[in-house]
Amino acid sequence: MKPQSPDTVPTDVYLSFVSSLFGNRKTLFTGVFVHILTYVIVFLSTGAGIYLGLCLAFAAVFALRMYSFWQFDAADKHMFSRADIAHWETRYVLGAAGTAGILGIGSGYAILIVQDPLAEFICIAVTMASMVSIVGRNYGSQKAIDLQTMACCLPIIVACLMSEQLYKAIVSIMLVPFGLTTRSMANGVREFLYKNVIASREISLIADRFDTALNNMTHGLFMLDADNRILVVNRKACELLNLTHQEQLRDCEFDVVLRYGARHAFIDGSLPGLIQRQMAQLVSGSLSRTLIQFSEDLFLEFSASRRADGVVILIFEDVTARIRAERKILHMVRFDPLTGLPNREYFVEMVKEKLAARAQQGQIGILVLDVDDFKHVNDTKGHVIGDRLLVAIAARLQEKAGNMALSARLVGDQFVLFFPNEEDEPDLDSRVRTLHAAMAGLYDVDCNSFRVTFSGGYVTMSSREFRPEEWQIKADLALFETKSRMKGGCSAFEQEMDARYVERQKLKDDLRETIEAGKLHAVYQPMFTPDGSRIDCCEALSRWVHPEKGSIPPNIFVQIAEEMGIVTGITRFMLNQACRDCATWPQSISVSVNLSAQDLRSKDIVAMVMEALDASGLEPSRLHLEVTESCLMDELTTVRSILADLRAKGITIAIDDFGTGFSSLSYLDSLPVDIVKIDRSFVRDITNDSRRFKLLCGIVDLSRALSLEIVIEGVETPEQLALIEEYDLADIIQGYVFSVPVSRDSVIEMVNNLDRNQPAMRQDNVA
């Protein structure tokens with residue numbers, strides 16, 4: 001690191017060395033005074049006039065040097081180039097060398113010319129003393145050291161050698177190592193100072209970089225000493241804690257500073273005890289990391305590390321955005337995004353918290369509400385309106401529940417309420433039913449008015465009996481009971497429901513196995529001409545004989561199959577069985593098979609029908625397919641397309657239970673239908689109720705105007721049959737007046753009996 005020349009050191013260091021030459025001017029005044037006084041004394045003691053001239057020379061050189069110093073002070077050193085700095089160094093060196101040269105000349109003249117011991121002593125002593133000061137003042141310039149040393153010593157050495165005195169010559173030669181030593185000392189001082197300048201500059205650079213990094217880091221930082229006083233604080237810490245005068249915080253007590261910031265920025269008064277305890281734990285080392293909430297809008301996360309010397313470093317950051325994001329995510333996890341109500345999982349958590357906070361045991365209630373016919377809203381008004389209706393329902397639910405119950409959305413159009421009944425009041429059932437009743441009524445959504453009813457199921461139990469995995473099962477059982485009886489009602493869970501539910505589940509399993517094994521069987525209800533002389537068609541009806549429970553009514557197991565989504569399995573079995581059986585009957589008899597709404601949701605039913613016809617060899621014209629009006633309500637376009645495909649293949653299409661659904665007349669016009677089967681409800685009491693009879697006649701007239709074949713179902717009495725036949729209201733009659741459902745073989749037997757009876761009937765007619 002030794003600087004060999006000015007060119008090897010940085011410009012700023014070079015300038016600092018040259019600037020040191022122009023400093024400490026008091027020594028120059030002292031030096032020139034001593035020099036002039038010394039030479040005056042020599043003049044007075046020797047009478048040598050040259051010393052007066054040297055005094056004038058001292059004064060002139062000093063004046064020139066002072067003028068140069070003044071110019072250096074006035075110069076803009078920030079604009080100096082290396083050449084400018086070298087110029088000023090040369091000016092200084094010339095002035096310093098001039099003074100040294102006068103001293104050397106005076107000493108040499110005293111030795112060689114005056115030869116007065118006192119004069120020699122005085123001159124040499126002052127010259128050597130000045131050489132000592134050369135190191136302290138001129139270390140910044142090697143040129144100054146060299147020239148001044150030579151200017152002082154060379155005249156003395158020359159004078160001593162020219163005096164031809166051996167001892168003086170020997171002593172004068174010793175000035176050479178003295179000068180070299182002086183030069184070495186000056187270089188040593190300059191090298192030492194150079195190292196320190198470089199080190200200082202590096203330290204300053206590091207400190208500046210550290211300060212820049214410290215004050216631009218995204219984390220706040222405090223460094224505390226063992227007495228909890230602030231050693232270092234960065235700008236971010238002041239910003240986060242709303243502290244001012246960063247430079248004045250050093251050596252202040254951390255607790256006082258933090259309390260001041262909290263009081264003036266966040267907490268309107270004093271620092272909460274919790275924050276004080278957390279900070280104390282951090283500083284003491286018992287806690288290494290913690291999250292502190294200073295206000296609703298500021299969350300700071302602190303981490304602390306403690307050194308062996310007691311210094312504590314606190315680093316903290318603003319995690320408000322993260323906390324808000326976590327809260328938002330937690331809200332999304334806990335709450336339904338559409339209605340804003342808690343979801344099922346969070347509802348269970350809230351119930352547990354409520355129960356844990358109870359002071360004593362007591363009765364609680366859970367109510368499940370299901371929006372009746374909500375699918376109809378989605379289908380007719382669209383899902384957007386449906387969603388907004390759910391939002392309106394949720395708002396009313398919260399309003400009606402108030403502080404009485406916790407509300408949540410289970411799934412789809414189902415809601416749940418928890419009645420904590422903290423006062424353990426005895427009228428819990430009444431309050432549950434009152435809230436259920438209050439939810440029904442008109443809901444206005446986007447200029448649409450909906451009259452909404454809710455089917456409810458609830459369960460009451462002791463708070464200590466609450467089990468998250470059981471409550472919904474029991475409430476759902478009660479809800480299922482309500483739906484099976486009458487929509488819009490509200491049922492309480494009873495233990496018998498659980499048994500019925502288990503029984504129904506077992507029945508579902510048994511039904512699935514029966515359908516997969518093909519263990520159902522078919523019976524047929526014949527459809528006769530009105531005079532009873534001929535069987536035109538037979539309706540295939542499915543039957544299930546359970547190995548333990550015996551015969552299960554079709555309205556039960558078909559409904560179960562529809563719930564399970566396996567009714568198509570029954571349809572497949574009935575198609576195959578009916579086609580095979582019909583193929584064994586006379587050509588004049590057809591077979592009719594019912595299709596469900598699930599069958600008509602996909603065109604797979606067309607392939608299923610054709611497979612059954614191909615396997616049995618039955619002609620398509622002998623197969624009738626019956627669809628109820630309820631099948632037509634969903635996806636009418638798809639159903640129309642499927643029925644058109646089936647009809648195009650020669651299959652006859654009939655509308656079953658006509659008149660019991662919506663928009664019956666529009667179906668007659670828009671669907672590919674061949675037969676209308678008028679529901680039995682229009683036949684009941686036609687012999688006594690003229691209004692009902694006229695309604696039946698109107699339906700028949702309309703159907704005939706559309707060239708549709710008419711089948712009247714549910715004809716049970718001879719009086720009903722006689723009236724229908726009298727007014728020619730039907731082409732075909734189906735009902736117990738002719739026959740109950742019979743087996744395949746019985747159909748053949750009935751046909752044979754009719755054939756045997758035909759000659760007798762003709763003879764009777766002739767007679």
Please determine if [X] and [Y] form a salt bridge, counting it only when a charged side-chain N lies under 4.0 Å from a carboxylate O.
{"X": "Arg680", "Y": "Glu713", "result": "no"}
{"X": "Glu563", "Y": "Lys508", "result": "yes"}
{"X": "Arg334", "Y": "Glu345", "result": "no"}
{"X": "Asp645", "Y": "Arg647", "result": "no"}
{"X": "Lys677", "Y": "Glu539", "result": "yes"}

So, the side chain of [X] versus the backbone of [Y]: is there a donor-acceptor pair under 3.5 Å, distance only?
{"X": "Ser463", "Y": "Gln363", "value": "no"}
{"X": "Asp731", "Y": "Ile710", "value": "yes"}
{"X": "Ser533", "Y": "Thr529", "value": "no"}

Is the positively charged end of Arg396 above the ring of Tyr443, judged by distance under 6.0 angstrom from the centroid and angle within 45° of the axis?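 Verdict for Tyr443: a cation-pi partner in Arg396.
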
Are any non-hydrogen side-chain atoms of [X] and [Y] less than 4.5 angstrom apart?
{"X": "Gln577", "Y": "Leu520", "result": "no"}
{"X": "Glu709", "Y": "Ile732", "result": "yes"}
{"X": "Ser743", "Y": "Val747", "result": "no"}
{"X": "Gln587", "Y": "Glu619", "result": "yes"}
{"X": "Phe415", "Y": "Met439", "result": "no"}

Tell me, please, which residues at least two apart from Asp689 pass side chain to side chain donor-acceptor pair (under 3.5 Å).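 Result, side chain to side chain donor-acceptor pair (under 3.5 Å) vs Asp689: none returned.
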
Contact summary for Val700 and Ile678, nearest pair of heavy atoms: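 Closest pair (atom of Val700, atom of Ile678, distance): CG2-CD1, 3.8 Å.
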
Of all residues at least two apart in sequence or in a different chain, which pass the salt bridge (charged side-chain N to carboxylate O under 4.0 Å, His left out) check with Arg433? none

Go through the side-chain N and O atoms of Ser592 and Glu626 and say whether any donor and acceptor fall under 3.5 Å apart.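 Side-chain D/A pair, Ser592 to Glu626: present.
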
Working to the nearest 0.5 angstrom, can you tell me the gap between Arg512 CZ and Thr514 OG1? 11.5 Å

Taking atom NZ of Lys549 as the centre, report whether more than 12 heavy atoms of other residues, nucleotides or ligands fall under 6.0 Å from it.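 Atom NZ in Lys549 is crowded, with more than 12 foreign heavy atoms closer than 6.0 Å.
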
Do Tyr458 and Trp471 pass the ring pair (Phe, Tyr, Trp, His ring centres under 6.0 Å) test, and can you show the C-alpha distance, the side-chain angles, and the key distance before you say yes or no? CA-CA 9 Å; Tyr458 71 95; Trp471 69 264; over 10 Å; no

Does the side chain to side chain donor-acceptor pair (under 3.5 Å) test come out yes or no for Lys603 and Ser641, once each step is laid out? CA-CA 9 Å; Lys603 289 201 172 186; Ser641 175; 2.9 Å; yes

Going by salt bridge (charged side-chain N to carboxylate O under 4.0 Å, His left out), Arg409 matches just one of Asp370, Asp336, Asp387. Which one?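 Of the listed residues Asp370, Asp336, Asp387, the salt bridge (charged side-chain N to carboxylate O under 4.0 Å, His left out) partner of Arg409 is Asp336.
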
Side chain to side chain contact (heavy atoms under 4.5 Å, CB included) against Glu611, all qualifying residues, sequence neighbours excluded: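 For Glu611 the side chain to side chain contact (heavy atoms under 4.5 Å, CB included) partners, ignoring immediate neighbours, are Arg572.
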
